[in-house]
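Each chain gets a letter, A, B and so on, in the order the sequences are listed, and its residues count up from 1.
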Amino acid sequence: RKEVEQDPGPFNVPEGATVAFNCTYSNSASQSFFWYRQDCRKEPKLLMSVYSSGNEDGRFTAQLNRASQYISLLIRDSKLSDSATYLCVVNIHKGNTGNQFYFGTGTSLTVIP
Amino acid sequence: DTAVSQTPKYLVTQMGNDKSIKCEQNLGHDTMYWYKQDSKKFLKIMFSYNNKELIINETVPNRFSPKSPDKAHLNLHINSLELGDSAVYFCASSPGLGYEQYFGPGTRLTVT
C-alpha cells in the first residue's frame, strides 16, 4: 500500500471556481504534512504546511484530519495561474530510517478561462 | 539569488558512462536530499544527508552514491549508467529532518 494517495485528476475548473483536493496517508506515525505545487518541467515548490488546527493563506486553505488520516487543500476563486500539479507530502518518522518525506503522485489542476 | 542550485540542467550520455550531478544550497540548511522523478511524474527520495549521517532508500542501486564535501553541497555520482536511469533528478534542502524542503531546478538525465 502506498504511503500517500491522491486522486490524479485531472480537475478542469472555470476561473473563479472553488476546488478541493484530498489526500490520504496510511501511516499513523506521520508527523508533518505539506502541500507543494509543481508546474510543468519545473521543480516542486512549497505551497503551504498543514497544521493540526487547519490554516489559511489567502485563497488557499489546508486541513488535517488525523482520525481519518487525510489532508485537504481548498482553493477559492481559482486563477489561471493556479493551473499546476498539486503534491501532497507526508513526513513519517520510521525507527530505522528516521524522518522521510513521502510524496503523493499529484493532482493535476487546469483552470479554464 | 538561487537558494538551491544544480548543475548541469540537462545531461545526455551513453549507457555505461559515469556521471556526476552537483548541488549547492545557500540557505544554511542542515539537511540535503536527492530525489528521482520518473516519466510518470512520481517523486521518490533516494538519499537524505543530515549532520554527516546518510540515510539511503534501500531501493536505490549502489551505482548511485552521494558525496558531501561540506554542509552546503551534496553531489550525486552515478556509475555505469543504464537506460532506466533516465529521469529528472532533484536536489533539495531543509532546515532539518521533517521540515519543509526547498528544491533545486532539477537535472534532466537522458541515457541513450
Go through it in stages, so that I can follow the logic: the residues are B:Tyr99 and A:Ser32, the test is side chain to side chain donor-acceptor pair (under 3.5 Å), and I'd like the CA-CA distance, side-chain angles, deciding distance and then a yes or no. CA-CA 8 Å; B:Tyr99 290 88; A:Ser32 50; over 6 Å; no
SB check B:Asp18 B:Arg63 (cutoff 4.0 Å): no
Is B:Asp38 paired with B:Lys36 through a side-chain N to carboxylate O contact shorter than 4.0 Å? no
Heavy atoms from other residues, nucleotides or ligands near CZ of B:Phe42 exceed 12 (cutoff 6.0 Å): yes
By a 4.5 Å heavy-atom criterion (distance strictly below it), what part of B:Ile45 contacts chain A: side chain, backbone, both, or neither? side chain
Among the options A:Lys45, A:Lys42, A:Arg41, pick out the one with the most heavy-atom pairs lying under 4.5 Å from chain B. A:Arg41
Is it the backbone or the side chain of B:Gln37 that comes under 4.5 Å from a heavy atom of chain A, or both, or neither? side chain
